Amino acid sequence: MRSSPRRLPALLLGTALVATVLGVGTIASATDTHTGRDATAATSAAHLGHTMAVSTQASGDDPDGDGYIPAVPQVTGVTPSTATPPTRYFHEFQANCSVTHTAPDDPIVYPGQPGKSHDHTFMGNTSTDANSTTASLSGGATTCKAPADASGYWMPSLYNGDRKILPVGPQTIYYKAGVTDYTSVRPFPKGLRFVVGNPMQSADEFRHHRGFVEGWECGDSYFNVDFPASCPSRADVQLNIRFQAPSCWDGKYLDTPDHKSHMAYPVVKPGTNDNMCPADHPVALPMIEFKMAFPVNGDMSQVRLASGRGYSFHYDFFNAWEDRTLKALVDHCIVGGLQCDARGYDQTHPEAGATLNSDYRLP
């Protein structure tokens, strides 16, 4: 039996439990392309909520349902790196993953409770649903270019009126260094999961979120907190957003009740412009950045998210990479200071070679 960890303040959890998402319109009836399930049920009021609350139901990864999933083994004895390695402008690789299906499920926030979430658009692992666990995702089929990336990636579905708008083709999910000492970045532990952003955040909170990059953009319109009123009606114009995840881990838990406390954004090293991990989250992991493109333009007045207004954007990540492949990409591209594609190849440094072969697998 594991020891009971310290709980989050009761007031915080109580607030999360009673909070609701406002201003969400009716969800259109649609059939889930993965399960064939009729998504009309998503129109119920329950599906409009996404409260980021403490877990209320046991799951395969959290048998006692307390929301804490310990890492095994835990990472101890680490202090945040204050080193400044040789300057390299890039230290990243891409996970290019296509949409697999949509469903009102969320295995992180509502594990084992199908249909309880607002509608999500899933990428990567083709089996991700409310009952997904580390074991069920690991080794599964994926739409990511690298077959070893069986991770689940998802975000609230986007609608134009009652029509669901799905990103077309592989989307760009960056794995970057979020700290100045890119050589200190290590791979995600298997089973790590977290939520980036909050569906209940205000417009101001979204604009000042640490993950905010350029907001919603289309054509020459940038830094929009909510959807722009219109976008150029041209075939080459899509609605885009970039949003960055925290990249410092406490080394103890794969998940916590609020799905965020085990992760933190880097802090500025005193007296410098360098970024480093805070002392209570000393383990530097890859910084994920979603760069999503939605094929919608023209009149944007009816565009909305399943979670509400544009500033309710958030996303979820559930790591199920094959360990050796993830480590090879992190070591070669992030620690190596390269700008890699999904094969781990930097065209500006061809002498460094590629991590993966032409089939996107380890040689």
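Given the structure is predicted, the values throughout are model-derived calculations rather than measurements.
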With Phe122, the ring pair (Phe, Tyr, Trp, His ring centres under 6.0 Å) member among Tyr315, Tyr153, Trp154: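 Exactly one pass, corresponding to Trp154.
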Minimal non-hydrogen separation, [X] against [Y], with atom names:
X      : Y      : value
Gly197 : Lys260 : O-NZ, 2.7 Å
Ala150 : Thr142 : CA-CB, 4.3 Å
Pro80  : Pro278 : CG-O, 3.6 Å
Thr143 : Met123 : OG1-C, 4.4 Å
Ser307 : His118 : CB-CE1, 3.5 Å
Asp316 : Val195 : OD2-CG2, 3.4 Å

Once you round to the nearest 0.5 Å, how far does [atom1] of [X] lie from [atom2] of [Y]?
X      : Y      : atom1 : atom2 : result
Thr348 : Leu338 : OG1   : CG    : 7.5 Å
Cys333 : His349 : SG    : NE2   : 11.5 Å
Cys97  : Gln171 : SG    : CD    : 9.5 Å
Glu214 : Ser221 : CD    : OG    : 11.0 Å

[Y]/[X] salt bridge by N-O under 4.0 Å criterion:
X      : Y      : answer
Lys116 : Asp105 : no
Glu205 : Arg207 : no
Asp119 : Lys164 : yes
Asp236 : Arg234 : yes

[X] side chain vs [Y] backbone, donor-acceptor pair below 3.5 Å:
X      : Y      : answer
Gln347 : Tyr345 : no
Asn224 : Pro228 : no
Asp226 : Gly310 : yes
Arg242 : Met292 : no
Asn131 : Thr133 : no
Asn240 : Gln238 : yes
Ser136 : Ser132 : no
Gln74  : Lys252 : yes
Glu322 : Arg324 : yes
Gln244 : Phe212 : no

Can a side-chain donor-acceptor contact be found between [Y] and [X] if the only test is distance below 3.5 angstrom?
X      : Y      : result
Ser59  : Asp62  : no
Asp181 : Thr84  : no
Thr102 : Ser157 : no

Validation row, ring centre His314 to ring centre Phe243 under 6.0 Å: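 That pair fails the under 6.0 Å test.
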CA sep, side-chain torsions, deciding dist, call: Cys277, Val267, side-chain contact (heavy atoms from CB on, under 4.5 Å): CA-CA 6 Å; Cys277 284; Val267 296; over 6 Å; no
side-chain contact (heavy atoms from CB on, under 4.5 Å) assessment of His262 paired with Phe194: CA-CA 8 Å; His262 54 309; Phe194 51 78; 4.0 Å; yes
Worked verdict on Phe290 versus Tyr174 for ring pair (Phe, Tyr, Trp, His ring centres under 6.0 Å): CA-CA 7 Å; Phe290 266 32; Tyr174 290 106; over 10 Å; no
Worked check of side chain to side chain donor-acceptor pair (under 3.5 Å) between His259 and Thr256: CA-CA 5 Å; His259 317 297; Thr256 43; over 6 Å; no
Counterpart residues, salt bridge (Lys or Arg N to Asp or Glu O under 4.0 Å), relative to Asp299 (two or more places apart):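 In terms of salt bridge (Lys or Arg N to Asp or Glu O under 4.0 Å), with neighbours along the sequence ignored, Asp299 is linked to no residue.
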Got a sec: does the [atom1] of [X] have more than 12 other heavy atoms crowding it under 6.0 Å?
X      : atom1 : answer
Lys269 : NZ    : yes
Asn357 : CG    : yes
Asn273 : CG    : no

Student check: side-chain heavy atoms of [X] and [Y] closer than 4.5 Å:
X      : Y      : result
Tyr311 : Ser202 : no
Leu254 : Pro189 : yes
Arg88  : Phe90  : no
Ser247 : Tyr265 : no
Thr180 : Thr82  : no
Ile69  : Arg193 : yes
Asp61  : Pro111 : no
Ser151 : Phe317 : yes

Residue pair Trp216, Phe313: steps toward the ring pair (Phe, Tyr, Trp, His ring centres under 6.0 Å) verdict: CA-CA 10 Å; Trp216 294 101; Phe313 181 78; 5.6 Å; yes
Verdict with supporting geometry, Met300 and Leu239, side-chain contact (heavy atoms from CB on, under 4.5 Å): CA-CA 10 Å; Met300 304 288 287; Leu239 179 68; 3.8 Å; yes
Derivation and outcome, ring pair (Phe, Tyr, Trp, His ring centres under 6.0 Å), residues His91 and Tyr182: CA-CA 7 Å; His91 14 69; Tyr182 55 87; 4.9 Å; yes
Evaluation steps, ring pair (Phe, Tyr, Trp, His ring centres under 6.0 Å), between His332 and Phe93: CA-CA 9 Å; His332 184 68; Phe93 67 91; over 10 Å; no
Verdict with reasoning, Lys291 to Ile241, per side-chain contact (heavy atoms from CB on, under 4.5 Å): CA-CA 6 Å; Lys291 183 182 179 183; Ile241 190 168; over 6 Å; no
